[in-house]
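Being a predicted model, the structure only gives us computed values, none of them experimental. Naming convention: chains lettered A, B, ... in sequence-line order (proteins, then strands); numbering from 1 in each chain.
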There are 4 protein chains.
Amino acid sequence: MSTSQARRGNTRQRIQDVALELFSEHGYDKTSLREIAEKLDVTKAALYYHFKTKEDIVVSLFHDLGKPCDELIVWAEGQPRTLETKKEVLSRYSEALRSAEPLFRFMQENQAAVRDLSIGETFKQRMLTLFGLLREPDTELADQVRCITALFSMHAGMFAMQNLEGDPEDKRKAILEVATELVTAANPPHRRPARPDSAQTDSP
Amino acid sequence: MSTSQARRGNTRQRIQDVALELFSEHGYDKTSLREIAEKLDVTKAALYYHFKTKEDIVVSLFHDLGKPCDELIVWAEGQPRTLETKKEVLSRYSEALRSAEPLFRFMQENQAAVRDLSIGETFKQRMLTLFGLLREPDTELADQVRCITALFSMHAGMFAMQNLEGDPEDKRKAILEVATELVTAANPPHRRPARPDSAQTDSP
Amino acid sequence: MSTSQARRGNTRQRIQDVALELFSEHGYDKTSLREIAEKLDVTKAALYYHFKTKEDIVVSLFHDLGKPCDELIVWAEGQPRTLETKKEVLSRYSEALRSAEPLFRFMQENQAAVRDLSIGETFKQRMLTLFGLLREPDTELADQVRCITALFSMHAGMFAMQNLEGDPEDKRKAILEVATELVTAANPPHRRPARPDSAQTDSP
Amino acid sequence: MSTSQARRGNTRQRIQDVALELFSEHGYDKTSLREIAEKLDVTKAALYYHFKTKEDIVVSLFHDLGKPCDELIVWAEGQPRTLETKKEVLSRYSEALRSAEPLFRFMQENQAAVRDLSIGETFKQRMLTLFGLLREPDTELADQVRCITALFSMHAGMFAMQNLEGDPEDKRKAILEVATELVTAANPPHRRPARPDSAQTDSP
DNA sequence: AATGAATGAGCGTTCATTCAT
DNA sequence: GATGAATGAACGCTCATTCAT
């Protein structure tokens, strides 16, 4: 506890924090372990005491911060496949994204780099699973697009709208609102017995 | 001139083709000039005869393949700011994207890397300009989200839907349909008649 | 031709020379590419222009300097399997070893390191082939030992006797003499005429 | 004390065992303390509790397992310098080698690495001493070669013959037989008054 | 008797880039 | 229009070693 940074057990955590910050700011490939180490005032070798490889740091971040998403999926898979459930999925997903914003910004902006990391495939599968939870099978293409767009807008929106004015929380809600609209529109109302003449056009 | 090489004159073009292919496949940072040169069966130094730097290759690609987008913008800025115009912008943009798919895939998946290339800012401005063409100023947040989502879904959709079945052209049309819907919804025509004193409609 | 070392086409050769010298002096693992580069007054990267990897340097040395051995084997395989041939093999091998002494010293003293280089297996096979040329099949164990010892004494002898006094050429001849004796003893000629019913002699 | 670890007191011994195994299998330089520690399921720091340095592990192995050799030398130096004694030296040395086979394989295959360990010189001196016990001073070069070859064949033979068929013990005896022959031949029988027509002289 | 945390030096390798020819 | 040869900087990673606990 004498030197500048107390040698407590928080180093691993600090590495994760700094790494995520730099990864999401400068990109995965452009962020070197030297940079991370320097910012932490430790040596590169210290990073290797805590993580086997550079990739391993990302993997750990993905596991630690991505947990809410996986939990959401587990929960959703136990629910009935109703529109209500889908709306709840979107709502919870929106919150999961908020809680791990830098991670998702990183995944979003470094897709090419992430693709050949071990988590690349995992992430892709997760997205497909989520997509599977939202869409109705055997609907028309446009409905599938609506679901995918809903999902992607939640990811992209967060960063694409960064240069817009406004309270982040308001933006998040607006994004969620639009996503909900899209998924609602993608849920074939014509099957619903009560409204026989709905042609999915006037989706309010 | 018999074998695969020796086609004079078109080397610059061939470099662009191969570079774009590799950039969009493996990512910008992971693609080395050595790889490009090897695939072309020329030396690295040859690349430097045609392009000042690695970045310069990307810049040239962006300029050559991005021209339709800029032309679209120029055209749109001379049009009245009607819903019809906006629909036309979406339609044309969709075609521009199709004609330069690998470039946009590259831009989409390498945002972090592109960000500190000289075209990074240019690209961002272009997106903001397009956004400016679609949105109505001073509308509620959700409408802005709709416009951004429309734009982004056209980008992301192309790649996100790659693992879905179906004819690419059908998918493109479906995406365009949804995007058009979103922009239409963001353009509150129904409000205009009822509220004759609305201040935010006919902003030049 | 202005700087200290004329930039002629001999760099590759110079790398091989210096590398072999250092490899055989300090060992393969202890010799770093930095050392080699510094001794040549070039950068490490220059080594990589000429050789793909550190291992590749060794491979090239083995191929270039080991050629006489392979030629010897080719020659011997076209000869009748007589004692005279075997003596000639030893004699020529002795000269091949002399002409590439540092390489063989290196191979001898870095067996563990060489083992997981690509040439490790190649070298082993070469030795087994030579052994196959010297020995009579189906003779008693001691005769096989004599042949192996003959071979090994030529390798080891050169370096084991380095700290002994005397002219190297004299030593080489003495080693060859002993090796010849051993192979002769392993070739049981005296048994053939006197004992026509001997079991292990006339194996084709 | 139930699981594999927890056998107190013998850790030092276990380190030696594992270290020797890995050193002789992968080579000295290629074997890291991490590997050794992992195989033992202890930390690297634990190795440092028992041994000052990596080199120190080798030194301890050399001292512990090389004892029979040193005892052999002490014994031999108290004997008359007769052929019988020399034969006995060979025989005992052969057994000493067998009892510490991995150590000698290690020394044999890592000569370059061993050379700049502190035991390098010690080992060399031991070999020279043994050589001094076998050779007759002032004999011709070829006789000296015979003695060195005898010694080396016992080392090298053990590993060179590993890929040959046959019972290890049989091989060892065959090697010993040849070595004895060589030393006998190196012992000038022409000086012995009783046998003027010795058989193995006319070897030119 | 052993660990957890860290270091400093160095490694093999790759990269974008340069320049004389 | 292109090459051969080289550079300087950096990279991810591993190593033997240390030391307070």
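For Ala45(C), whose side chain is taken as the heavy atoms from C-beta onward, the closest listed nucleotide among dC19(E), dT3(E), dT14(E) is dT14(E). With dA6(F), dT3(F), dA2(F) as the candidates, the nucleotide lying closest to the side chain of Ala46(C) is dA6(F).
A search for side chain to side chain contact (heavy atoms under 4.5 Å, CB included) contacts involving Arg105(A) returns Ser24(A), Glu109(A), Phe159(A), Gln162(A), Arg115(B), not counting sequence neighbours. Partners of His155(A) under the ring pair (Phe, Tyr, Trp, His ring centres under 6.0 Å) rule, at least two apart in sequence or in another chain, are Tyr93(A), Phe104(A).
Residue pairs meeting the salt bridge (Lys or Arg N to Asp or Glu O under 4.0 Å) criterion with at least one member in residues 52-66 of chain D: none, sequence neighbours excluded.
The base of dT7(F) lies outside donor-acceptor range of the side chain of Lys44(C), with no N or O pair under 3.5 Å.
Of the residues in residues 28-39 of chain B, Thr31(B), Ser32(B), Leu33(B), Arg34(B) come within less than 4.0 Å of DNA chain E through at least one heavy atom, sorted by number. Residues of residues 53-63 of chain A that place a heavy atom closer than 4.0 Å to DNA chain F, in numerical order, are Thr53(A), Lys54(A).
Put simply, His50(A) has no side-chain N or O that comes within less than 4.0 Å of OP1 or OP2 on dG4(E). In this model, the phosphate group of dT17(F) is approached by a side-chain N or O of Tyr48(D) to a distance below 4.0 Å at OP1 or OP2.
Side-chain contact check for Ser32(A) versus Glu35(A): some heavy-atom pair is nearer than 4.5 Å.
At whole-Å resolution of the value, CG in Leu40(B) and P in dT3(F) are 10 Å apart.
Nearest approach of Gly66(B) to Arg126(B), heavy atoms of both residues: O-NH2, 3.2 Å.
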Per-nucleotide pairing state of DNA chain E [Watson-Crick or G-U, under 3.5 Å; [ ] pseudoknot-crossing; | other strand]: .||||||||||||||||||||
